[in-house]
Amino acid sequence: MCSVLRAWGGLRAALALIMFLGATGPAPAATPPAAGAPTALDAAQLAAHPSWRALLHVPPGEARSEVLSPEFFLSTSAPGEPLAELQAALAAWAAPWPADGTPHARCRFPARYFWLARQGLLPGYTAREPRCTSLERWAQFDRLRSVSLLLVSGYLGNPASNFGHTLLRLNTDTPDGVHALLDVGISFGALIPENEMVPVYVVKGLTGGYLSGYSDKYFYTHDLVYTRTEARDIWDYELALDEAQRTWLVMHLYEMVGRHFRYYFLHRNCAWRLAQALELVTGRTMTQHGSAWYTPIELFHRLRDADAAGPGPLIAGVRYVPSSERQFRHGFAQLDPADRALVNRAMREPPATLPALLAPQLAPLPPARRAPVLEALIRHAQLLEVAEEPQVQPATRERMAQLLRLRLAEPPAESDPPPPPERASPANANPPATLGLGLVHGQGRTRWLLRGAAYDANGLDEHGLDRGELVVLDTQLSGSERGGLRLDQLDVIRVRKIDTSTVPIEGFERWSWQFVAGARRQGHAHPGTLRPQVSLAGGHAWPLGRQAAVWLMLDAGVLTDPGAAMLAPRLGLQHDDGPWAVALDIAHRHEWRVNGRPAPMASRRDSLWVHQLSARWRPPGQRVDVRAGLVRDRHTRATLAVSHSW
């Protein structure tokens with residue numbers, strides 16, 4: 001969900017996520033110090049003010065700060081207590097400036113004094129103190145143009161990053177893409193040791209076993225990790241903050257960098273902490289819906305809600321930043337078929353003989369075709385270099401050098417290559433948590449149906465998943481024969497990755513896959529029994545125009561009660577066109593199960609066709625949808641439900 005110190009394999013991440021799933025009040029908006037403000041306030045009332053408590057990270061109803069770093073506090077008698085910190089801050093304001101170069105409290109805690117000055121307690125206050133040289137260098141107040149909140153798409157190589165990531169960027173007066181890489185990026189993440197074992201990782205992540213904190217790095221380091229190494233897209237939300245709000249936010253971030261908290265993957269994570277910072281300076285509520293689980297996409301839905309509610313806009317604009325791999329694939333697909341074949345052949349060629357291969361092939365081509373071929377090969381070499389970091393192989397460096405020499409011998413391109421098509425922000429989709437009520441009819445009976453999911457993202461470009469799916473705690477309850485409710489399905493985690501690229505690229509696999517872990521009432525032996533199961537499917541997918549895709553996979557898994565192994569060829573079809581989405585899944589399931597206790601190794605094979613048809617209609621701009629389904633295995637069941645997203 002948020003950045004960590006190492007990456008995980010995709011399948012390992014999915015397995016870890018099974019265990020991984022199995023948590024403060026708004027403040028007035030920032031304004032500059034006002035003339036004629038009161039010069040004194042009751043200390044107890046001032047210490048109880050939501051803004052002061054937010055500056056100290058004191059949760060509602062708690063008496064002390066969540067921050068674990070001692071250097072974050074000024075009080076020596078009661079560190080982290082709002083009243084004690086207020087008294088200590090006022091005392092430190094009047095203290096003489098240290099002669100040994102130690103930073104004064106005014107320089108260490110500028111955001112606190114910015115707010116205290118607004119309360120009329122600091123006569124003669126100025127927001128910019130020339131003697132705070134470290135703050136001035138870091139904040140670059142004179143060059144600060146705006147602040148962006150970045151939404152990074154999910155990454156299946158790490159359980160904590162499946163749901164995406166978010167960070168801030170301090171935009172200076174160099175809006176071009178090259179120099180913007182030197183802007184400061186502010187991220188919040190867990191500090192996880194190298195080679196941490198998966199069970200330890202999961203338990204600690206859920207129970208607050210890791211330290212976490214804010215970090216500040218040049219933005220190019222984030223760009224290297226997210227868009228280049230992990231092939232993740234970014235949506236840049238430039239915030240409509242006024243100068244006073246930007247100043248207060250930057251001051252608060254300066255206080256927070258390097259300070260430690262307890263980290264909880266599901267809640268006290270990157271999205272929650274950045275939401276708190278934005279609440280502080282804007283006065284807009286962004287955390288009230290996140291009591292148990294707060295994913296990065298939740299923050300952007302709250303941001304959009306606050307932007308729509310006013311007063312005044314919060315979002316100045318949204319810019320799509322495609323990953324390096326997406327840019328490479330798009331550029332490769334634009335090449336002439338013969339040129340694509342040449343690029344694929346050159347990718348297999350050793351660096352030493354690369355010029356000998358390319359020179360005679362490129363010579364007959366016009367410059368308008370030679371340059372894109374070489375630039376596609378250079379982009380591919382860049383991907384290889386990033387994948388091999390921190391120890392790039394000499395052959396890869398030589399390949400890049402050869403390609404650059406060939407490209408420099410060509411004239412410059414007349415224009416930049418066309419970028420990949422724009423992708424809508426995942427925050428444009430409905431919020432991922434759903435709750436629905438409906439009916440299920442089967443075997444001559446009609447029963448109530450209750451369905452809910454903690455995270456339900458699927459469909460074309462929804463939540464940045466292309467045509468994939470990420471569903472967590474998908475639960476279905478129906479009315480039982482005795483008048484109560486029975487559990488029909490609990491998918492703890494369901495992940496599907498669909499790759500519909502049709503242009504073959506050397507070294508790029510086109511595998512599509514699906515992983516499911518949970519319990520369902522289906523199968524051969526006892527169709528009415530809830531059977532825990534884990535399955536993994538793999539295969540290939542093909543696009544059917546812009547809105548549809550078809551895939552063929554082989555599904556394998558294990559089930560219990562009774563124990564069985566399962567194998568099922570699957571054919572899937574998905575069509576997503578605006579408010580309508582339709583999916584068809586046909587599987588021929590084979591189960592090999594134990595055939596009796598006296599001979600535990602004996603088994604019996606059963607076969608069963610399973611057909612599933614589902615449809616969803618979502619009115620534009622509404623957080624409700626209507627879902628219908630038809631399932632046929634040994635019996636036929638039809639469902640109809642209305643769901644609300646929140």
Side-chain angles (χ1 to χ4, degrees), residues 27 29-33 51-52 54-57 67 69 71-72 74 89 92-93 97-98 101-118 122 124-150 166-176 179-189 213-223 236-260 270 273-283 314 316:
T31 55
S51 291
W52 182 251
L55 284 164
L56 298 174
H57 283 269
V67 179
S69 304
E71 61 272 19
F72 183 69
L74 281 167
W93 170 265
W97 286 75
T102 303
H104 193 278
R106 301 187 192 185
C107 304
R108 293 168 54 204
F109 305 108
R112 300 179 202 183
Y113 289 118
F114 185 97
W115 184 79
L116 288 171
R118 180 65 186 91
L122 306 177
Y125 169 86
T126 57
R128 303 280 296 277
E129 170 54 66
R131 287 173 288 185
C132 296
T133 54
S134 177
L135 171 62
E136 289 289 319
R137 282 195 306 269
W138 186 87
Q140 302 186 80
F141 291 116
D142 293 329
R143 298 184 58 208
L144 185 63
R145 175 176 57 87
S146 66
V147 177
S148 287
L149 184 66
L150 307 182
T166 184
L167 65 153
L168 286 168
R169 187 177 65 204
L170 308 183
N171 304 318
T172 62
D173 51 10
T174 54
D176 61 280
H179 294 91
L181 293 174
L182 296 178
D183 287 340
V184 176
I186 306 293
S187 186
F188 185 92
Y214 288 89
S215 62
D216 58 334
K217 299 178 181 178
Y218 286 122
F219 182 70
Y220 75 80
T221 62
H222 298 290
D223 178 74
D236 181 326
Y237 282 72
E238 187 172 11
L239 302 176
L241 304 179
D242 61 34
E243 183 178 359
Q245 291 171 327
R246 290 197 304 269
T247 298
W248 196 17
L249 177 60
V250 170
M251 287 178 169
H252 182 58
L253 294 172
Y254 180 78
E255 293 184 11
M256 298 311 305
V257 167
R259 311 310 183 208
H260 290 159
C270 57
R273 296 303 178 191
L274 295 186
Q276 288 182 314
L278 293 180
E279 278 187 333
L280 172 69
V281 302
T282 66
L314 270 182

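If you read the sequence from its start, that first residue is 1, and numbering goes on from there. Keep in mind the model is a prediction, meaning the values are calculated, not measured.
Taking the ring centre of Phe188 as origin, the terminal cationic atom of Arg259 falls outside the region bounded by 6.0 Å and 45° from the ring axis. Under the 6.0 Å distance and 45° angle rule, Arg169 counts as a cation-pi partner of Phe219.
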- Task: Kindly indicate, with the supporting measurements, whether the criterion side-chain contact (heavy atoms from CB on, under 4.5 Å) is fulfilled by Trp248 and Leu280.
- Result: CA-CA 9 Å; Trp248 196 17; Leu280 172 69; 3.7 Å; yes
- Message: I'd like to know whether Asp142 forms a side-chain contact (heavy atoms from CB on, under 4.5 Å) with Arg128, so could you lay out the CA-CA distance, the side-chain angles of the two residues, the decisive distance to 0.1 Å, and finally the verdict.
- Response: CA-CA 11 Å; Asp142 293 329; Arg128 303 280 296 277; 3.2 Å; yes
- Check the pair Tyr254, Asp216 against side-chain contact (heavy atoms from CB on, under 4.5 Å), reporting the backbone distance first and the verdict last. CA-CA 9 Å; Tyr254 180 78; Asp216 58 334; over 6 Å; no
- Are Arg112 and Leu56 close enough, and set up right, to give a side-chain contact (heavy atoms from CB on, under 4.5 Å), and what steps lead you there? CA-CA 9 Å; Arg112 300 179 202 183; Leu56 298 174; 3.8 Å; yes
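Judged by distance alone, the side chain of Glu279 and the main-chain N or O of Ala54 form no donor-acceptor pair under 3.5 Å. Judged by distance alone, with hydrogens and angles left aside, the side-chain atoms of Gln140 form no donor-acceptor pair with the main-chain N or O of Thr172 at under 3.5 Å. Without hydrogens or angle criteria, Tyr214 side chain to Arg273 main chain gives a donor-acceptor distance under 3.5 Å.
Closest approach of Ser148 to Asn171, counting heavy atoms only: OG-ND2, 2.8 Å. Pairing each heavy atom of Phe72 with each of Phe109, the nearest pair is O-CE2, 3.3 Å. Here the closest heavy-atom approach between residue Pro103 and residue Arg108 is recorded as O-CD, 3.7 Å. Glu255 and Pro110 get closest at one heavy-atom pair: OE2-N, 3.3 Å. Considering every non-hydrogen atom in both Leu74 and Ala105, the closest pair reads CD2-CB, 4.1 Å.
Separating the OG1 atom in Thr221 from the CG atom in Leu181 is a distance of 10.0 Å, to the nearest 0.5 Å. With rounding to the nearest 0.5 angstrom, the CG atom of Asp223 is 12.0 Å from the CG atom of Asp183. To the nearest 0.5 Å, atom CG of residue Leu168 and atom CG of residue Leu249 are 6.0 Å apart. One distance of note links CE of Met256 with OG of Ser69; it measures 8.0 Å at 0.5 Å rounding. Taking CE of Met251 as the reference point, atom CG of Leu253 lies at 11.5 Å (rounded to 0.5 Å). A distance of 8.0 Å separates CG in Leu167 from CG in Leu149, rounded to the nearest 0.5 Å.
Two residues are said to be in side-chain contact when any heavy atoms from C-beta on lie closer than 4.5 Å; Tyr113 and Glu129 fail this criterion. Within the 4.5 Å cutoff, the side chain of Arg106 has no heavy atoms near those of the Leu135 side chain. Side-chain contact between Thr282 and Leu239 is absent, with no heavy-atom pair separated by less than 4.5 Å. In this structure the side chain of Leu170 reaches within 4.5 angstrom of the side chain of Trp138, judged on heavy atoms.
Other residues, nucleotides and ligands place more than 12 heavy atoms under 6.0 Å from the CZ atom of Phe141.
Ring pair His252/His57 is parallel by interplanar angle, where below 30° counts as parallel and above 60° as perpendicular.
Under the rule for a side chain to side chain donor-acceptor pair (under 3.5 Å), the partners of Glu238 that lie at least two apart in sequence or sit in another chain are Arg145, Ser146.
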